[in-house]
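What follows is a set of notes on a single structure, which appears directly below.
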Amino acid sequence: MNSTYYLLGISMLFLLGLRLSAFFSGVETGFYRVSFLRLTIDAQAGDKTAARLVWYLQNPSYFVATCLVGNNIANYVTTLAIGLFVGELLPAEVGWGEVLATLAISPVIFICGELLPKTLYFRAPMRLLRKDSGLFRWFYRLFLPFSLPLIGITKFFQRFSRDRERQSGLALGRNRLAQVLSMGHREGILVDVQNRMITGLMRIAQENVTASMTPAFRMIDVEETATRDQILAVAREYGAAYVVVRRAGQTDGWYGYVRTIDVLLAKGPIAPLIREMPRFQTSHNRQEALLTMRETGARMGLVEAEGRILGVIHEQGLIDALMRA
């Protein structure tokens, strides 16, 4: 009976070592696989679990040292359990018994304590690291007296590293920003529409307003003295939601626009319905034009060069350019 309990205790010790090996092997893989960008965003949103994980990512020496100590303890516990098990079943003179037992049990340790947990954490690093963050923090505090010397040695050698002053830049270059957006889309932070919009915004920021301009000779316009019926007739003929307004007696005196729906519903004079258009130089890009039009509430804007009006741009056309990434 005592032998049975002894063997049961040895089996429990072996399973404990196997579980520790699986835990530390898995979290180590998840640590290198998890998205730092996604964790940072979650941490800034007030997620305490994400904040703890971000701290480990910012201080990798503490994380790696804890995993190193934990893996060594796991290996020692499993080896001890195998030795005790063989010593109980075989005579002490049989020295090769422990070697054969270790060889026989190695596939189990490799599959259950290394391969399987690493595969799981590789496929779902965020979810599994979140789930095990509390347990890892407990081990971190427990192993801290043993891991501190390792951390000290690591920091000593880091002093001689050329990357010791490396910091995360707040201002991202275009290529780096594109990489971050791609990572965000891959990790599920950005949905497809958001990703296309941001990519489009980056693209139109470098394109001149003339790329979205309707030339002056193609503008649908009326004089400011036009009647309601005249404006509606022009809008109906061209299917226009907006009609450009020019000053009376001037062929190129464009300055505002009216909405067809306003003209259709309003009962009073036309003049109060005319909305002035912001003016843009040919040096402006489409992003600047769109931001200005959003701030002023204008739906159309004039493009000019040296005081001469070249054409008109539409807010909807700029928005459509965002979505064509």
Side-chain angles (χ1 to χ4, degrees), residues 174 177-178 181 190-325:
R174 176 168 295 274
L177 181 57
L181 293 176
L190 298 177
V191 298
D192 184 60
V193 173
Q194 293 170 322
N195 186 61
R196 287 165 52 198
M197 183 177 296
I198 295 175
T199 305
L201 186 62
M202 293 171 58
R203 178 172 56 82
I204 72 169
Q206 299 301 311
E207 296 181 353
N208 195 274
V209 288
T210 55
S212 295
M213 181 184 71
T214 300
F217 66 87
R218 293 178 52 193
M219 289 196 305
I220 303 171
D221 63 343
V222 296
E223 288 191 355
E224 59 185 356
T225 57
T227 64
R228 176 178 287 100
D229 292 338
Q230 290 174 328
I231 296 175
L232 292 177
V234 171
R236 189 179 302 109
E237 179 180 358
Y238 295 98
Y242 304 93
V243 178
V244 178
V245 176
R246 67 177 186 275
R247 302 192 185 280
Q250 299 182 19
T251 57
D252 58 353
W254 303 287
Y255 70 97
Y257 69 94
V258 291
R259 299 197 313 169
T260 303
I261 187 65
D262 291 340
V263 176
L264 184 64
L265 298 178
K267 302 300 181 181
I270 299 299
L273 303 180
I274 300 176
R275 305 186 183 195
E276 188 172 352
M277 288 187 286
R279 294 173 179 261
F280 304 100
Q281 301 299 316
T282 53
S283 59
H284 288 113
N285 59 51
R286 296 201 289 183
Q287 179 182 337
E288 293 173 327
L290 179 59
L291 291 175
T292 300
M293 294 172 72
R294 296 297 294 177
E295 290 175 356
T296 59
R299 296 295 179 264
M300 303 178 71
L302 293 170
V303 179
E304 61 180 9
E306 299 179 354
R308 184 170 63 90
I309 297 177
L310 303 180
V312 66
I313 54 175
H314 296 257
E315 180 197 42
Q316 188 59 47
L318 296 175
I319 294 175
D320 290 342
L322 288 177
M323 307 307 296
R324 288 198 295 266

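From I309, atom CD1 reaches atom CG of L302 across 4.5 Å, with rounding to the nearest 0.5 Å. For the atom pair NE2 (H314) and CZ (R299), the distance works out to 13.0 Å, reported to the nearest 0.5 Å. For the atom pair CD of Q230 and OG1 of T225, the computed distance is 7.5 Å after rounding to the nearest 0.5 Å. How far CG of L310 is from CZ of F217: 11.5 Å, rounded to the nearest 0.5 Å.
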Criterion side chain to side chain contact (heavy atoms under 4.5 Å, CB included) on L290 and R294, from CA distance to verdict: CA-CA 6 Å; L290 179 59; R294 296 297 294 177; 4.1 Å; yes
Verdict with reasoning, V245 to V258, per side chain to side chain contact (heavy atoms under 4.5 Å, CB included): CA-CA 7 Å; V245 176; V258 291; 4.0 Å; yes
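The two residues I313 and S212 make their nearest non-hydrogen contact at CG2-O, 3.7 Å. Looking at every heavy atom in both residues, M300 comes nearest to V244 through CE-CG2, 3.5 Å. Scanning both residues, N285 and V209, for their nearest heavy atoms gives O-CG1, 3.4 Å. Taking each heavy atom of T260 and A240 in turn, the nearest pair found is OG1-O, 2.8 Å. Contact detail for T214 and M219: the closest heavy-atom pair is O-CG, 4.2 Å.
Formation of a donor-acceptor pair under 3.5 Å by the R228 side chain with backbone atoms of L232 is not found in this model.
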For a quick test of your reading: what N or O donor-acceptor pairs under 3.5 Å do the side chains of residues 262-281 make, sequence neighbours left out?
from	atom 1	to	atom 2	distance (Å)
D262	OD1	R259	NH2	2.9
D262	OD2	R259	NE	2.9
D262	OD2	R275	NH2	3.3
R279	NH1	E304	OE1	3.0
R279	NH2	W254	O	3.4
Q281	NE2	E304	OE2	3.1

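A donor-acceptor contact under 3.5 angstrom links the side chains of T210 and N208, judged on distance only.
In this structure, the side chains of V222 and I231 come closer than 4.5 Å at one or more pairs of heavy atoms.
Note that R247 lies in the cation-pi zone of Y255, set by a 6.0 Å cut-off to the ring centre and a 45° limit from the axis.
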